[in-house]
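Inspection log for the structure reproduced underneath, given as structure tokens.
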Amino acid sequence: MGLSIHSDEHFMKQALKQAEIAFDKGEVPVGAVVVAENRIIAKAYNMTEQLTDVTAHAEMLAITAAFDSLGGKYLNECTLYVTLEPCVMCAGALYWGQLGKLVYGANDEKRGYSLHPKKILHPRTEVSSDLLKLESEQLLKQFFARLR
């Protein structure tokens, strides 16, 4: 019995593929995909170095592409899969976009939104964490070890 193409794990593996692209391009390896009606409508990876833009996080690029794909400014029927817990900036954007569901892999113990004492995500956003956490963490550790 194979992995369903509509499962959270399947979509997180697609986000991991995006993170691997970032890794290969010398970017912090974070990848994201946005799913609507069991279909990927946007995908992205960190591009802060390539674009010389500190806001070019995978989540920001993916949700911008998703807004364009949907022709609207709300993602309440969408799920964002991202390999690393979003930072406060990204969580704020997810709030304004009224994201329906967030699924992430590794925790960001230095800059993750969950470290903030106030709730930053939209109150209706469902959150699931630790999906393929080890794979996400391993890619990040490998990247930072390579820098040292």
Side-chain angles (χ1 to χ4, degrees), residues 6-23 25-145 147:
H6 301 299
S7 70
D8 285 345
E9 187 174 344
H10 168 76
F11 291 122
M12 184 59 85
K13 285 185 177 187
Q14 300 307 305
L16 272 167
K17 286 181 182 179
Q18 292 298 303
E20 289 167 359
I21 294 170
F23 181 93
K25 293 185 180 242
E27 298 278 357
V28 175
V30 178
V33 298
V34 179
V35 174
E37 297 178 356
N38 290 317
R39 185 174 61 87
I40 295 174
I41 61 167
K43 56 188 174 180
Y45 53 87
N46 270 0
M47 295 184 73
T48 61
E49 298 299 324
Q50 280 181 269
L51 299 177
T52 59
D53 178 355
V54 296
T55 68
H57 291 194
E59 303 94 307
M60 299 295 279
L61 298 171
I63 66 171
T64 298
F67 293 139
D68 187 50
S69 174
L70 294 172
K73 62 181 183 176
Y74 298 114
L75 302 174
N76 54 329
E77 299 293 322
C78 297
T79 300
L80 171 68
Y81 296 87
V82 62
T83 57
L84 181 65
E85 174 186 1
C87 69
V88 173
M89 173 186 69
C90 293
L94 298 174
Y95 173 90
W96 290 110
Q98 299 181 15
L99 181 69
K101 183 178 178 182
L102 168 65
V103 179
Y104 66 88
N107 295 312
D108 186 341
E109 297 173 5
K110 292 183 180 178
R111 292 186 174 76
Y113 81 90
S114 66
L115 298 172
H116 197 278
K118 294 186 179 181
K119 294 193 178 214
I120 298 174
L121 293 175
H122 195 278
R124 289 190 295 265
T125 300
E126 181 185 336
V127 178
S128 177
S129 62
D130 300 335
L131 183 60
L132 300 181
K133 178 180 181 171
L134 296 177
E135 292 87 338
S136 298
E137 287 175 341
Q138 181 180 21
L139 193 57
L140 287 160
K141 287 177 183 174
Q142 186 180 0
F143 175 80
F144 288 110
L147 290 180

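No experiment lies behind these values; they were computed from the predicted model shown.
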Does the [X] side chain pair with the main chain of [Y], one donor and one acceptor, at a distance under 3.5 Å?
| X | Y | answer |
| --- | --- | --- |
| Thr79 | Val35 | no |
| Asp108 | Arg111 | yes |
| Ser69 | Ala65 | no |
| Thr125 | Leu99 | yes |

According to ring-ring contact (aromatic ring centres under 6.0 Å, His included), who are the partners of Tyr81, at least two apart in sequence or on a separate chain? Phe11
Measuring from [X]:[atom1] to [Y]:[atom2], what's the distance to the nearest 0.5 Å?
| X | Y | atom1 | atom2 | value |
| --- | --- | --- | --- | --- |
| Glu137 | Asp130 | CD | CG | 8.0 Å |
| Met12 | Glu135 | CE | CD | 10.0 Å |
| Leu115 | Cys87 | CG | SG | 11.0 Å |
| Leu94 | Leu75 | CG | CG | 8.0 Å |
| Asp8 | Lys101 | CG | NZ | 4.0 Å |

I need the minimum non-hydrogen distance between [X] and [Y], along with the two atoms involved.
| X | Y | value |
| --- | --- | --- |
| Ala22 | Pro29 | CB-CA, 3.9 Å |
| Glu27 | Asn46 | CG-O, 3.2 Å |
| Cys78 | Leu70 | SG-CD1, 3.7 Å |
| Ile41 | Ala66 | CD1-CB, 3.8 Å |
| His57 | Cys90 | ND1-SG, 3.4 Å |
| Ile120 | Ala91 | CG2-CB, 3.6 Å |

Minimum side-chain heavy-atom gap [X]-[Y] below 4.5 Å:
| X | Y | result |
| --- | --- | --- |
| Tyr113 | Tyr104 | yes |
| Val82 | Leu102 | yes |
| Lys17 | Tyr45 | no |
| Gln14 | Lys43 | no |
| Arg124 | Asn76 | no |
| Met89 | Met60 | yes |

Heavy-atom count check: over 12 atoms from other residues, nucleotides or ligands less than 6.0 Å from Glu77 CD? no
Counterpart residues, salt bridge (Lys or Arg N to Asp or Glu O under 4.0 Å), relative to Asp68 (two or more places apart): none
By side-chain hydrogen bond (donor to acceptor under 3.5 Å, both in side chains) - contacts of Asp53 (at least two apart): Thr55
What I want to check is whether the side chains of Glu85 and Ser114 have a donor and an acceptor closer together than 3.5 Å. yes
